[in-house]
Trainee: 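First the structure, then my questions, so here it is.
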There are 2 protein chains.
Amino acid sequence: MPPAVIDIQEKFALFSVQWSPRVIAEINDYQVKLARLEGPFVWHRHADTDELFQVIRGSMEIAFRDGVVSLREGQLCVVPKGVEHCPRTEAECLVMIIEPRGVVNTGDAGGDHTAENDVWV
Amino acid sequence: MPPAVIDIQEKFALFSVQWSPRVIAEINDYQVKLARLEGPFVWHRHADTDELFQVIRGSMEIAFRDGVVSLREGQLCVVPKGVEHCPRTEAECLVMIIEPRGVVNTGDAGGDHTAENDVWV
């Protein structure tokens with residue numbers, strides 16, 4: 001059997017929980033995740049890896065200690081390894097995240113926003 | 001300075017050559033590439049890595065020895081490591097490709113479609 005077609009919007013329709021990434025694909029040991037973001041997240045960093053955010057629908061900001069990046073649909077940004085950042089949105093924003101398998105959403109910060117990892121949809 | 005915003009459509013507007021991927025971002029040692037595809041490509045495989053195709057605009061097929069996958073805008077597919085495949089389109093299709101740095105577009109096949117690697121836009 002050839003590999004599956006993965007439809008991003010169909011996958012988003014399967015979950016409504018926010019700040020809880022869902023894995024939709026793997027490229028070797030990297031994962032492609034979808035997440036619904038709304039409101040402010042927590043400041044955190046990932047000591048061992050870069051992290052890509054691509055906006056699928058809506059808009060978001062990623063705050064850094066030295067400035068803010070604004071992203072809208074069709075735009076992406078790579079948060080460098082070890083750099084503190086804080087995603088935030090005014091309304092719900094649908095994003096695609098790409099990073100190595102095993103990365104926890106809140107990085108070094110922990111707390112209530114920490115989602116179960118490696119959950120597929 | 002915070003990291004750059006990368007706009008997928010703006011990046012596509014900067015090149016018109018087909019079958020010649022352009023790097024727009026890196027996540028650690030993985031690259032995010034954009035490519036314009038039109039017509040048939042060559043059968044090939046990548047012995048050491050999976051390869052993700054996401055359609056940004058238009059539609060494409062990826063032929064496998066055991067079937068054909070059809071992808072349209074907002075859909076993606078991961079070609080498994082070592083599996084022969086042949087991308088093809090009827091009209092120009094804009095795709096995003098994610099794979100480790102160093103992967104050559106024609107894999108083991110070589111030939112006229114082999115593009116210079118690691119070209120950024």
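A note on names: the letters A, B, ... follow the listed sequences, proteins ahead of strands, and every chain is numbered from 1.
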Trainee: Cluster question for you: counting only ILVMFWY and a side-chain heavy-atom cut-off of under 4.5 Å, with indirect links fine, are A:M60 and A:V42 together?
Mentor: yes

Trainee: Relative to chain B, which segment of A:E73 carries a heavy atom at a distance below 4.5 Å: side chain, backbone, both, or neither?
Mentor: neither

Trainee: In this structure, are over 12 heavy atoms from other groups packed under 6.0 Å from B:E90 atom CD?
Mentor: no

Trainee: Please report the shortest heavy-atom distance between B:E26 and A:V78, naming the atom on each side.
Mentor: O-CG1, 3.4 Å

Trainee: Tell me whether the count of non-hydrogen atoms from other residues, nucleotides or ligands lying under 6.0 Å of CG in A:D112 goes above 12.
Mentor: no

Trainee: Compare every heavy atom of A:Y30 with every heavy atom of B:D29, then report the nearest pair and how far apart it is.
Mentor: OD1-OH, 3.5 Å

Trainee: With respect to chain A, which residue among B:I98, B:I6, B:V79, B:V69 yields the maximal number of heavy-atom pairs within a distance under 4.5 Å?
Mentor: B:I6

Trainee: Is there a continuous path of hydrophobic side-chain contacts, each under 4.5 Å between heavy atoms, that joins B:V5 to A:V55?
Mentor: yes

Trainee: Which heavy-atom pair separates B:E51 from A:I27 by the least distance, and what is that distance?
Mentor: N-CG2, 4.4 Å

Trainee: Do the side chain of A:N28 and the main chain of B:D50 share a donor and acceptor less than 3.5 angstrom apart?
Mentor: yes

Trainee: With a 4.5 angstrom heavy-atom cut-off, could you sort out which part of B:L71 is near chain A: side chain, backbone, both or neither?
Mentor: side chain

Trainee: Consider only side-chain heavy atoms of I, L, V, M, F, W and Y, link residues closer than 4.5 Å, and tell whether A:L14 and A:V23 are in one cluster.
Mentor: no

Trainee: For residues A:L76 and B:I24, determine if any side-chain heavy atom of one lies less than 4.5 Å from a side-chain heavy atom of the other.
Mentor: yes

Trainee: How long is the straight-line distance from NZ of A:K11 back to CD of B:Q75, given to the nearest 0.5 Å?
Mentor: 11.5 Å

Trainee: When heavy-atom pairs shorter than 4.5 Å are enumerated against chain A, which of B:P100, B:G74, B:S70 gives the highest number?
Mentor: B:G74

Trainee: Counting only heavy atoms closer than 4.5 Å, note whether B:V32 contacts chain A via side chain, backbone, both or neither.
Mentor: side chain

Trainee: Could you tell me whether A:D118 atom CG has more than 12 heavy atoms of other residues or ligands within 6.0 Å of it?
Mentor: yes

Trainee: Which one wins on heavy-atom pair count under 4.5 Å against chain B: A:E99, A:H85, A:Q54?
Mentor: A:Q54

Trainee: So for B:R72, is it side chain, backbone, both, or neither that comes closer than 4.5 Å to the heavy atoms of chain A?
Mentor: side chain

Trainee: Between B:D66 and A:P2, is any pair of side-chain heavy atoms under 4.5 Å apart?
Mentor: yes

Trainee: A:F53, A:I8: one ILVMFWY side-chain cluster at the under-4.5 Å cut-off?
Mentor: no

Trainee: Find out whether A:P3 and B:F64 are in side-chain contact, i.e. whether some heavy atom of one side chain is under 4.5 Å from a heavy atom of the other.
Mentor: yes

Trainee: For atom CG of A:N117, is the number of surrounding heavy atoms from other residues, nucleotides or ligands below 6.0 Å larger than 12?
Mentor: yes

Trainee: Test of understanding: clusters of I, L, V, M, F, W, Y form through side-chain heavy atoms closer than 4.5 Å, transitively. Do B:W120 and B:L34 belong to the same one?
Mentor: no

